[in-house]
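This report concerns only the one structure given below.
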Amino acid sequence: NFLITVLSAIAIGRYFGGKESIKEDFIGIVEKALKYTSVLGYVVVFLLALGIIAFFSAKIIDDLYQKLIVNNKVKLDRWVQQAAGPKLKSKFQLLFTYWMSAGGHKVRKEPVPLGEENSSFMEGLKVVVKEGTKNSAPHKKTSDCVVVGTIRMGFGHHRIAYAACSWSLKGSGNNDTYFHDFLNIDTPEAQLIKDMDKWYSKGSRLASELGGMVEQFWGAITLSGDADSLRATYQIAEAVKPLLSQLPKDTPIVATHCMVGLAAVAAGFKNVINLVIDNHAQWFVVVPGALNLVQGPTNYAQLLRMGVPPEEIKLAGHWIPADLVDNLNVDCKARIARATSKNKKPLRLLIPVGGAGAQRLFVTKLVKALIPRVRKGDVQLFLNAGDHEHMRIAFTDALDSNSQSFNTVNSIKGVHDFCDSLRKGNEPPSAVTLFAFKDYFPAVATTDIVSRVTDVLACKPSELAFYPVPKLMIRRVGDHEAYSALRASELGDGTLEARELDDCLRFIELFRDISGSPLLVSMNEKIMENGKIGVYDGCKNAIEIARKMKASK
């Protein structure tokens, strides 16, 4: 119709302008029209073909998506406020992510046979292992216990798990407490998780080392835990649920990693508690069908606003080990006495490294910058390299290159002896103490133990941002951690994030150089006030809730 209209208009115009040229112009116009019609025809055919391909591709994606989720225990769409289901893009994203993570993994239905052994580090704690492991016994398969489930991804999830275990052991009575790290079980499911963790650890280290655009990109990733991220994590959880599905389904499961909580719900467990990490509300960190406990009121309100059902979320408090909470007032008073003594004491600064081994450049720069103050007697450094050999070497090189002597502690007994000596009023053998280990447990536990005798904990705003110790919040690794620094600052037990070296040094001046150390005193006073109202009782409350859940059913 368009072509006919154009041709008619031109023909009429030419008719009135000169009848002789009508035939000539009409033939030329028709020839041009046919030429462009031919091109238009090709375009139409191409678009039609593209449409057909898109239609069948969409159908294939939808069919593959439905096939992937058909046997899922949890239907996530309504829970994440998407009752109509995810968009095609989200379906494709899930399929691609699952294929990249678990494409070659064969999902099995039968549970992994489990055993148990006594922990060599925590008295009374039982550790879940694969059945047949040397010196282990078959698992009792009783639900009269508490299982604290975790995944060794960095130190944070393990640290929170040990904190929960400390409270469970404290009030266990005749019930056993089990520490169940999925990565302890040598199976294809555990290997699947390990392979995923390699990418996360590598990303954290690159972001910390390179900074700039790499750090910004990694920060954006850590903030993007949307419904699609939850779907992807849940799908992996469906694949790894055999790691705990042998246990009785009424066993209380306290999960310190969302994948453990998701796997427990997927396996049909009825008493699942998920200890939500960080202070940034994301779908990725919550578990549908579990009771999600959070550490602070902001996260609680934001998760409710997102649509988490009120009956599946509760404000509990911070995830802190029993020893730190029980001795909170004694330790704070000891810090205040040191800070306000007539003979000015050195500022004890504990600098731990995270489980991913990131922060090498920033932390070693901080250590080098503090050496002049160490030599003056203003500062004592407690450096925890954990079980990272590259961090032990980095700390050693930083100290040796500045001719700074140091003492090394490499056993958990040595850590306890070191702290016991300081509590008796002694000074450390050297102004710098390096903690470095071969085993994982002392690498994690040392920060908890030494926190009681340090004046300030200098750490990135990770799980340690919630600890009842005065904190210098240094440069974060993921942007999600920024909200944890805000929590510490508003509670009065930590600084805002000090992203640059000069900022860190300025805070150390405020802690040490002002007469009476008012900032350090204030933080300790706030910690004691917070302790009175239960701010640090999160793990205690989690264990009490877990036992009540079992007793009421």
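Please read these numbers as outputs of a predicted model, since none were measured by experiment.
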Without swapping roles, check the side chain of [X] against the backbone of [Y] for a donor-acceptor pair under 3.5 Å.
X: His257; Y: Met259; value: yes
X: Ser489; Y: Ala485; value: no
X: Gln246; Y: Leu114; value: yes

task: Before giving the answer on side chain to side chain donor-acceptor pair (under 3.5 Å), spell out for Tyr536 and Asp493 the whole-Å C-alpha distance, their side-chain angles and the decisive distance to 0.1 Å.
output: CA-CA 12 Å; Tyr536 308 112; Asp493 63 7; 2.9 Å; yes
Do [X] and [Y] have ring centres separated by under 6.0 Å?
X: His157; Y: Tyr162; result: no
X: Phe395; Y: His390; result: no
X: His139; Y: Tyr178; result: yes

query: Charged N to carboxylate O under 4.0 angstrom, Lys59 versus Asp62?
result: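 Asp62 and Lys59: not salt-bridged.
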query: Does NZ or CZ of Arg152 lie under 6.0 Å from the centre of the six-membered ring of Tyr440, at an angle within 45° of the ring axis?
result: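 Yes, cation above the ring, under 6.0 Å and within 45°.
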message: Quick one, Gln235 with Leu94, criterion side-chain contact (heavy atoms from CB on, under 4.5 Å). Give me CA distance, side-chain angles, the key distance, then yes/no.
response: CA-CA 9 Å; Gln235 212 55 52; Leu94 174 61; 4.3 Å; yes
Among Arg475, Arg476, His280, Lys460, the one residue meeting side chain to side chain donor-acceptor pair (under 3.5 Å) with Glu481: Lys460
Hydrogens and angles aside, do [X] and [Y] bring a side-chain donor and acceptor to less than 3.5 Å of each other?
X: Ser143; Y: Thr251; result: no
X: Asp195; Y: Gln191; result: yes
X: Asn279; Y: Asn299; result: no
X: Trp167; Y: Glu544; result: no

query: What orientation do Phe96 and Trp99 show, parallel under 30°, tilted 30 to 60°, or perpendicular over 60°?
result: tilted
Would the number of heavy atoms belonging to other residues, nucleotides or ligands and lying under 6.0 Å from [atom1] of [X] be above 12?
X: Glu490; atom1: CD; answer: no
X: Asn71; atom1: CG; answer: no
X: Glu311; atom1: CD; answer: yes
X: Lys87; atom1: NZ; answer: no

message: For a side-chain contact (heavy atoms from CB on, under 4.5 Å) check, start with the C-alpha distance between Val535 and Gln295, then their side-chain angles and the critical distance, and finish with the verdict.
response: CA-CA 8 Å; Val535 168; Gln295 300 185 80; over 6 Å; no
task: Might you work through the side-chain contact (heavy atoms from CB on, under 4.5 Å) test for Thr187 and Arg108, ending with a clear yes or no?
output: CA-CA 11 Å; Thr187 60; Arg108 56 174 165 175; 3.8 Å; yes
message: If you apply the rule side-chain contact (heavy atoms from CB on, under 4.5 Å), what do you find for Phe182 with His180, and how did you get there?
response: CA-CA 6 Å; Phe182 277 13; His180 188 7; 3.9 Å; yes
message: Show, in sequence, the C-alpha distance, side-chain angles and deciding distance for Thr446 and Asn384, and conclude whether the side chain to side chain donor-acceptor pair (under 3.5 Å) test is met.
response: CA-CA 7 Å; Thr446 291; Asn384 184 11; 4.8 Å; no
- request: Take Ser90 and Asp228 through the test side chain to side chain donor-acceptor pair (under 3.5 Å) and record every step on the way to the result.
  value: CA-CA 6 Å; Ser90 296; Asp228 292 338; 3.0 Å; yes
Candidate pair Tyr483 and Asp278, rule side chain to side chain donor-acceptor pair (under 3.5 Å), full reasoning: CA-CA 8 Å; Tyr483 299 90; Asp278 298 325; over 6 Å; no
